[in-house]
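Heads up: numbering here begins at 1 and tracks the sequence. Since this is a predicted model, take the numbers as computed values, not measurements. Start at 1 and go down the list; that is how both ligands and their atoms are numbered.
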Amino acid sequence: MTDFDDLEPDSLEQVRADIDAIDRELVDLLAARGRCVQRAAGFKRNGAEVRGPQSRIDHIITRARTAAMETGANPDVVEATFRAMISAFIEAELTIHATLDSDERK
Ligand SMILES: C=C(O[C@@H]1C=C(C(=O)O)C=C[C@H]1O)C(=O)O
């Protein structure tokens with residue numbers, strides 16, 4: 001991953017350019033994550049399975065908060081971001097699942 005930790009930026013424009021570049025990398029990662037979610041939909045039989053067990057979401061959030069603390073990110077910001085991301089992916093996965101024919105499901 002690109003190192004964006006320029007602790008003495010020359011200008012607000014430079015900081016914003018770094019943020020824009022980070023956002024571009026985030027979108028690439030979200031695209032890869034979305035492809036995984038799409039594949040996960042093929043293994044599920046109904047909407048309840050698409051939503052998954054609460055324990056899976058709890059596990060993801062706990063891991064993300066731990067990783068945030070290890071790397072110096074704000075755990076509350078990370079958790080809020082992950083909760084919004086997971087909700088959006090579940091909605092997208094429900095849509096994908098509804099379009100799959102039963103023979104496309106594993
Ligand atoms: C992708 C899955 O399905 C859902 C999507 C999740 C996500 O975006 O991380 C998490 C839990 C799920 O209910 C999964 O079961 O792993």
Q: Heavy-atom contacts with R51 under 4.0 Å: which atoms of ligand 1 show up? List them by number with element.
A: 12 (C), 13 (O)
Q: Looking only at protein heavy atoms, which one is nearest to atom 8 (O) of ligand 1, and how far off is it?
A: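 Checking every protein heavy atom, the shortest distance to atom 8 (O) of ligand 1 gives R33 NH1, 2.8 Å.
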Q: Do you know which two heavy atoms are closest between F89 and L30, and how far apart they sit?
A: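 Looks like CZ-O, 3.6 Å.
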Q: If I compare all heavy atoms of I57 with all of R51, which pair ends up nearest, and what's the gap?
A: CD1-O, 4.3 Å
Q: Identify, by atom number and element, the atoms of ligand 1 in contact range of G52, meaning under 4.0 Å from any of its heavy atoms.
A: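 Atoms satisfying the 4.0 Å criterion: 13 (O).
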Q: Return the residue, atom name and 0.1 Å-rounded distance of the protein heavy atom closest to atom 15 (O) of ligand 1.
A: K44 NZ, 2.6 Å
Q: Distance to 0.1 Å, residue and atom name: give those for the protein heavy atom nearest to atom 4 (C) of ligand 1.
A: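 For atom 4 (C) of ligand 1, the nearest protein heavy atom comes out as E93 OE1, 3.2 Å.
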Q: If you measure from OG1 on T95 to CD1 on I90, what distance do you get to the nearest 0.5 Å?
A: 12.0 Å
Q: Between D28 and R24, is the salt bridge (Lys or Arg N to Asp or Glu O under 4.0 Å) condition met? List the steps.
A: CA-CA 6 Å; D28 286 347; R24 182 66 177 76; 2.4 Å; yes
Q: Provide, to 0.1 Å, the distance between atom 6 (C) of ligand 1 and the closest protein heavy atom, together with that atom's residue and name.
A: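 Result for atom 6 (C) of ligand 1: I86 CG2, 4.0 Å.
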Q: With heavy atoms under 4.0 Å as the rule, classify the contact between I60 and ligand 1 as side chain, backbone, both or neither.
A: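 Within the 4.0 Å criterion, I60 contacts ligand 1 through side-chain atoms alone.
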Q: For the side chain of T71 and the backbone of A67, is there at least one donor-acceptor N/O pair under 3.5 Å apart?
A: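 No, because the side chain of T71 does not come within donor-acceptor range (under 3.5 Å) of the backbone of A67.
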Q: Judged by atom type as modelled, is there a donor-acceptor pair below 3.5 Å linking the side chain of H97 to the main-chain atoms of K44?
A: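 Judged by distance alone, yes, a pair lies under 3.5 Å.
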Q: Quick check: does V50 get an N/O under 3.5 Å from an N/O on ligand 1?
A: yes
Q: Test your reading of the model: is there a side-chain donor-acceptor pair from E49 to the backbone of R45, 3.5 Å cut-off?
A: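 Indeed, once roles are kept as given, a pair shorter than 3.5 Å links the two residues.
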Q: Looking only at protein heavy atoms, which one is nearest to atom 16 (O) of ligand 1, and what is the separation?
A: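 For atom 16 (O) of ligand 1, the nearest protein heavy atom comes out as R56 NE, 3.8 Å.
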